[in-house]
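A short worksheet on the structure shown next.
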Amino acid sequence: MPRTADTDRPIDQTPEWKALASHARRNRARTLAALFAKDRRRAERFTAEGAGLRMDYSKHHVDAETMRLLLALATRAGLKGRIAAMFKGEKLNITEQRAVLHVALRAPKGSSIKVDGVDVVPEVHRVLERMAAFSKRVRSGSWKGATGKRIRNVVNIGIGGSDLGPVMAYKALVHYSERSMNFRFVSNVDGTDFVEAVRDLDPAETLFIVSSKTFTTLETMTNAHTARTWLLAGLKKAAGRSGLPSDATARHFVAVSTNAKEVEAFGIDTANMFGFWDWVGGRYSMDSAIGLSTMLAIGPARFTELLRGFHAMDEHFRTAPLARNLPVIMGLLGVWMNNFLGYPSLAVLPYDQYLSRFSAYLQQLEMESNGKHVTLAGKRVDWDTCPTIWGEPGTNGQHAFYQMIHQGTRIVPCDFITFCKPISGLPHHHDLLVANVFAQAEALAFGKSKAEVRAEGVARELVPHKEFDGNRPSTVIMGERLTPFSLGTLVALYEHKVFTQGTVWQINSFDQWGVELGKVLAKKIIPELAAKKPVVDHDSSTNALINHYRTHRGR
Ligand code: F6P
């Protein structure tokens, strides 16, 4: 039995939880303005640093006592023991009897982490070396397609964790990428995703990476089959009478999966398969072989930098005292806001256009991990778990949904993410960008009183419209520059934040049974869409929807 949290006692029945609840009640009226007025060193006291990231959480409704109580809650939940257990390869994913070892994916060569007595670090490095050798061949042009042309286009086919990480990382690191190559990503079973991704590509110059942990996912397998048909049709046309070599598919398809049997059944040579392991969850896999498209884009050396960044944050999480531990603080602030202040969502707002898909990536990481209603002990939780995660890059979001963040009726805590040094080579733009981060956090925290509005000479009837309550919490996370290394630290920060929260909420952050029912029902409905007779087996709404589609689909 793995060492887990104190799961016998529901977390909300512990003295630590109750102490936080009464602390929250007692301090309900306390404002951020008052907290700042009381302590001139507040920013310094509530700023933490680790792995090159600086996190200012002073604009939260916390004081030293709040943090002390939150840390006591983490201790009660057994956080330290759970961190140690994860790094030791214990099977914390109890519903699937699996270790949770994404940290092994970035463990340096020579270190050792064992699962069932087997050291997994050498295996990780063997795969990384194969990925590097393959990437070098493709990037240098020595890997040729079936008609002898070099590969210029890489299309990653995958969904969920086999897509969101690769897309996010490609966009984040495009500055460091090989610009003479095109990278595309196909995920949706909606055929338009595939059609649009390949419409201007030459099949003879295109490599598909079929990325799927299970290699059974409906969307990915459908897209992979369509890709093979598209490829072979295009290659045959190009080859004309000379015909295609027998290894045509193998030269244009590689697979990333844990399922060698299904990869072979699809027709991909397992020599061109890059493996990973059941102890890597899909949403924790962007730094495994699932990152092959990332490595092809930025090259093996920069991919190594990315892994170093992940590892730096892993080490910080593993060794820093809880009170100065970034993922722990972040996770506990989330618990504080979710469970004691009652804020149901979190906006993640990167002020960096390269991080345009970061919030989407986090939606899976956080919500698939901690969107659970059952404890490790199999009991229904009596407390809220994962908030809704959403967001868009700034400053664009400011001109869309920030109205609600500033003056809406619900409080939306915000994570602002920004970097000191720009990549664009346009420093003036960067100052404007970063000034907006600071301004937004300041406006949210301190608002603008009626008296201030009046003092500006605003007409009396407009004063209530122009007043800002303020007192709205946010965190500002700053890195030096967006690089492969800092991206690694940022992703690992959120991974471990999720771990911290899952531990406090006493849930299994590493399974995802909640996605199954819809998949099963879709499988039943697929043949019904082509049924000759009206479908009557479902509820009246579902029957009517299916039957409307049957009769209107035009086939
Ligand atoms: O349906 C959810 C899910 O299982 C995710 O957890 C996973 O990242 C995604 O589907 C894709 O799965 P696979 O990599 O096995 O195709």
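Order of listing sets the numbers, starting from 1, for every ligand and every atom in it.
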Per-atom filter on ligand 1: closer than 4.0 angstrom to a heavy atom of Thr217 are 12 (O), 13 (P), 15 (O), 16 (O)
protein heavy-atom neighbour closest to atom 4 (O) of ligand 1 works out as Lys519 NZ, 3.8 Å
Counting C-beta onward and ignoring hydrogens, is there a side-chain heavy-atom pair between Thr220 and Val210 closer than 4.5 Å?
yes
Polar contacts were defined as any N/O atom of the residue lying under 3.5 Å from an N/O atom of the ligand; does this apply to Ser212 and ligand 1?
yes
In this structure, atom 11 (C) of ligand 1 is nearest to the protein heavy atom Ile159 O, 3.2 Å
the protein heavy atom lying closest to atom 15 (O) of ligand 1 turns out to be Thr214 OG1, 2.6 Å
Compute the centroid of each ring, for Phe266 and then for His225, and state whether the two points are separated by less than 6.0 Å. yes
The answer for which part of Val515 has a heavy atom under 4.0 Å from ligand 1 is side chain
When distances are taken from atom 5 (C) of ligand 1, the protein heavy atom at minimum range is Glu368 OE1, 3.4 Å
Should the pair Arg228 and Phe208 be classed as cation-pi, given the thresholds of under 6.0 Å to the six-membered ring centre and 45° from the axis? no
At under 4.0 Å between heavy atoms, what of Lys213 touches ligand 1? The answer is both
Do Arg126 and Glu129 sit within salt-bridge range, that is, some charged N less than 4.0 Å from a carboxylate O? no
Below 3.5 Å, N or O to N or O, backbone or side chain included: is there any such pair between Phe215 and ligand 1?
no
Legend entry - Contact with ligand 1 for Glu219, non-hydrogen, under 4.0 angstrom: no
Ionic contact status for Lys114 with Asp119, cut-off 4.0 Å = no
If we number the atoms of ligand 1 from 1 as shown, the ones under 4.0 Å from a heavy atom of Gly161 are 7 (C), 8 (O)
task = For the pair Ser180 and Glu178, evaluate side-chain hydrogen bond (donor to acceptor under 3.5 Å, both in side chains) and give the outcome as yes or no after the intermediate values.
result = CA-CA 6 Å; Ser180 66; Glu178 177 51 60; 2.7 Å; yes
Parallel, tilted or perpendicular for Trp143 and Phe134, by the 30°/60° rule?
perpendicular
Begin from the C-alpha positions of Tyr494 and Asp415 and carry the test side-chain hydrogen bond (donor to acceptor under 3.5 Å, both in side chains) through to its verdict.
CA-CA 11 Å; Tyr494 279 91; Asp415 281 359; 2.7 Å; yes
